[in-house]
Undergrad: 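Next up is a structure, given as structure tokens.
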Amino acid sequence: MPTEIIVALLSLLGTALGSVLGIITSNRLTTYRIQQLEEKVNNHNNLIERMAAAERDIKSAHRHLNELHEEMEEFK
């Protein structure tokens with residue numbers, strides 16, 4: 001087999017291998033970054049749920065305070 005053909009085949013093999021490894025590495029990085037974003041979204045959603053619960057509790061506390069204030073006004 002002529003030397004030029006061997007060099008061409010080795011170049012083809014190296015290029016193909018480099019491309020495949022680059023694609024695999026890029027895919028792993030993309031998957032990792034998507035997982036990190038999903039964690040951030042989950043944390044944000046948990047915060048929204050906790051804030052909604054806190055707002056309900058605050059409204060309830062304000063109603064209770066208003067009721068107590070009205071009762072105190074009746075005693076004056």
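It should be emphasised that the depicted structure is a prediction, and the values quoted were computed from it without experimental measurement. Excluded from the calculations below are hydrogen atoms, water molecules and symmetry mates; all remaining heavy atoms, backbone and side chain alike, are included.
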Undergrad: I need the Asn66 CG to Arg63 CZ distance, nearest 0.5 Å.
TA: 9.5 Å
Undergrad: Walk me through it: do His64 and Leu68 pass the test side chain to side chain contact (heavy atoms under 4.5 Å, CB included)?
TA: CA-CA 6 Å; His64 186 64; Leu68 290 174; 3.7 Å; yes
Undergrad: Between CD1 of Ile34 and OG1 of Thr30, what distance do you get to the nearest 0.5 Å?
TA: 6.5 Å
Undergrad: Apply side chain to side chain contact (heavy atoms under 4.5 Å, CB included) to the pair Glu49 and Asn46, showing each step before the final yes or no.
TA: CA-CA 5 Å; Glu49 291 171 4; Asn46 289 338; 4.0 Å; yes
Undergrad: Check each of Thr31, Leu29, Ile24 against Asn27 using the side chain to side chain contact (heavy atoms under 4.5 Å, CB included) test, and report the only one that passes.
TA: Thr31
Undergrad: How long is the straight-line distance from CD of Glu55 back to CG of Asp57, given to the nearest 0.5 Å?
TA: 10.0 Å
Undergrad: Are Leu10 and Val7 co-members of a hydrophobic cluster defined by side-chain heavy atoms under 4.5 Å apart?
TA: no
Undergrad: Using only atom types and a distance under 3.5 Å, with no angle test, would you say the side chain of Ser26 pairs donor to acceptor with the backbone of Gly22?
TA: no
Undergrad: Mind checking the CG-CG spacing from Leu17 to Leu12? Nearest 0.5 Å is all I need.
TA: 11.0 Å
Undergrad: Would you call Arg28 and Thr25 a side-chain contact if the rule is heavy atoms closer than 4.5 Å?
TA: no
Undergrad: Working to the nearest 0.5 Å, report the span between CG of Leu65 and CD of Glu67.
TA: 9.5 Å
